[in-house]
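For the numbers below, each heavy atom of this structure counts, side chains included, while hydrogens, waters and symmetry mates do not. Counting starts at 1 for both ligands and their atoms, in listed order.
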Amino acid sequence: MPRRNHTPDLMESQPGSHAPSPTARRVRVMLPLPFAGALDYRAPTGLDLRPGDIVSVPLGRRTETGVVWDMELRLPPEFIPPPMPPVAAGRLRAVGGRLDLPPMPAPLRRFIDWVAAYTLSPPGMVLAMALRTSTTAAAPRPAAGWKVADEIPPGLRLTPARQKVLDIARAGPPMSTTDLATRAGVGASVVRGLAQAGCLHEVVLPAPRAFATPDPAHAPPVLEGEQADVARALRDTVAEDRFSITLLEGVTGSGKTEIYMEAIAACLEKGLQVLVLLPEIALSSQWTERFERRFGTAPALWHSDLGPRLRRVTWRAVADGEAHVVVGARSALFLPFVRLGLIIVDEEHETSFKQEEGVTYNARDMAVVRARMDNAPIMLVSATPSLETLANVGAGRYRHLRLGARHGNASMPQVRTLDMRASPPERGLFLSPVLTDAIAQTIGRQEQAMLFLNRRGYAPLTLCRTCGHRMQCPNCTAWLVEHRARRILTCHHCGHHEAMPPACPSCNAEDSLTPIGPGVERITEEARATFPDARILVMASDTLHGPAATAEAVDRIARREVDLVIGTQIVAKGWHFPHLTLVGIVDADLGLGGGDLRAAERTVQLLHQVAGRAGRAEAQGHVLLQSYVPDHPVMEALVSGDFASFMEQEAEQRRPGFWPPFGRLVALIVSADTPEAADMTARALGHEAPRLDGVQVLGPAPAPLAILRGRHRQRLLLRARRNIPVQPIMREWLSRVKPERGARVDVDIDPISFL
Ligand code: ADP
Ligand code: ZN
């Protein structure tokens, strides 16, 4: 007899209230654990269980929360994993009970199966992403607040603290215990004491504004010309009420966000839910403000920084259909929408949509799958669409809508390459005099300038001038990065950090350790020396903690409290800085090394995005690219703005070798505690590699990050023609190799990182 879980969330089965069923009914329950599939249980008599019901079940001596799963997987045949052996009817354990939660909708269950099969992950681990927050999310109690009673009971002792609470409670709307106590500057016990004495009445607080109904007619924009045409096309797409994929392409500042808000409006008019995925949650503050201006209320947010209560409340509001618009990071894909009517993926080309840990999946691609499961339209939005998406447009699979010009009087910034060989910076400095002159002039005109360098810290390498020793991470094949403000050397891969040693650890020479190359800290030091009167703001992911700090920095820029912004990739995002007219790219060549298949494409996308921060209002914007290879096709594309030709060239380079998007890649990453275990496992994989037409295996070879967090790593790469489903091949291959002790093999379908 399983131990019954007596949490109040459980609706216990009621023996005798229904006719007992003659045979035990088998149900399949998916648990958020790394099993190969759903487990078999018995439905207790009288408990009518259906797929999607969230239940508690016994597992060993524990009780787990799981979801009643469908008896049959609805997947393409090549995707279906081998079945788990059935459990004999007599050995089935009974489901403990059904939780008082909305059932998981069928499209989400099918989506979970699909993602698991595609990424070769245990389905339970994908389910875990959908359940992570909800296991404890029985109906969240509505938040309670306090209101002052009409009559204060006679004889009440009114201390100053009590008086203060009553004054504040009288002055405003009902507030929670915590809010009331904090505002009054007293302990929560004072509030509770007043309640007990009958001076405060409990009331239900209104739902958070994030779940109020957005009003599509609140403040629609005036649309003309191509904006009006594109907005109409998007609205028509939403009206079709079925799965379709649209690429919305438009230069930075053309009004893409403004226009896709019209698609959201169309969806809201139909009473359907909308999911908006942003690559970076830091962006959500400006997005949310914009949404509020357009629709009169805030959207619901979903990201990893949400507090536990808000997570539960939001999850529940999505499941109940009360959250109409959710804007979030990739994990929002796994929310239990009940009537999803539209998905938007903003900045679809961003590689941060790829989750690299745990279940590795690309949220952009999986968003397309989710839209198909929910039979809803999806819109991919970008100024510089990925080659994958362009190939899909070329093949006629995606629709294509374009905005050609910036909105209003704004024109595209003028981009110029600065040949660093012709106008080098002074010794020991990193900014060319041409760039510093331009910054001085910009600031002199009371306009704002920005310097971009995609590298945190002070210097990427510290070297001993006497013996040539390089400061390396003890756990990784990586140099330690100096962070001078914190007086440390740190590893950007594993987080290891140590104090900057006074002498070289290898030859003991003093004052011999020298920083090589710049990070943003070092550029900031140089800028402070060059422009002593300028108000400088640094925006880097390690100096801005969380969305609120980022929002504050962005507001300061908008309020013109800043002359010069110095930032890492965080400034590249879709910010709107109306007074910013000059962008200087400190090292335009930075992303081109390393032999990554997408290095050139990514550099163009990133630098174009940064450049797009300039000149978004009336004044003309300028962009200067510091480069030692000014003739590189990447620089030429950025200067001409002709990305279509650049992407065609990229396509021509990838097509003959069947590189993505013309073929498929799967990376195998072998990692182990010892080099021998990694080596032997990798070699066994190499030995068993599939030999099939149209399939090629490269490697094994030591990974560029040969040691990461103390683990030794080897890589193999499978490349296949596009029409070959790789999942069955991978399953077969992996089943033939048993990793050595201490070794594991991670599979990365459609890899983005090759480190
Ligand atoms: P994108 O997303 O393409 O970079 P945005 O939608 O952010 O472009 O638009 C750029 C700027 O122009 C924003 O400040 C936006 O509010 C403004 N804008 C764009 N279209 C309109 C419009 N039709 N009416 C008013 N403002 C607009
Ligand atoms: Zn490290």
Checklist entry - Taking the inter-plane angle between the rings of Phe295 and Phe291 on a 0 to 90° scale, is it parallel (under 30°), tilted (30 to 60°) or perpendicular (over 60°)? => result tilted

Checklist entry - For the Zn ion (ligand 2), which protein N/O/S atoms are closer than 2.8 Å? => result Cys473 SG, Cys476 SG, Cys491 SG, Cys494 SG

Checklist entry - When you measure from the side chain of Arg330 to the backbone N and O of Leu278, does any donor-acceptor pair fall under 3.5 Å? => result no

Checklist entry - ligand 1: which residues have a non-hydrogen atom closer than 4.0 Å? => result Val222, Leu223, Gln227, Val251, Thr252, Gly253, Ser254, Gly255, Lys256, Thr257, Glu258, Arg290, His407, His576, Arg616

Item to check | Whether over 12 other heavy atoms sit under 6.0 Å from Arg397 CZ | outcome: yes

Next on the checklist: Which residues pass the ring pair (Phe, Tyr, Trp, His ring centres under 6.0 Å) test with His483, not counting sequence neighbours?
Outcome noted: His492

Checklist entry - Does Glu226 use its side chain to pair, donor to acceptor, with the backbone of Ala405 at less than 3.5 Å? => result yes

Checklist entry - Within the distance-only criterion (no hydrogens, no angle test), does the side chain of Thr543 pair as donor or acceptor with the backbone N or O of Met539 below 3.5 angstrom? => result no

Checklist entry - So which pairs with a foot in residues 467-482 pass side chain to side chain donor-acceptor pair (under 3.5 Å), sequence neighbours left out? => result Glu482-Arg484

Checklist outcome for this item: Rounded to the nearest 0.5 Å, the CZ atom of Arg456 sits from the CG atom of Asp542 at a distance of 5.0 Å

Item to check | Side chain Glu258, main chain Pro221, donor-acceptor under 3.5 Å | outcome: no

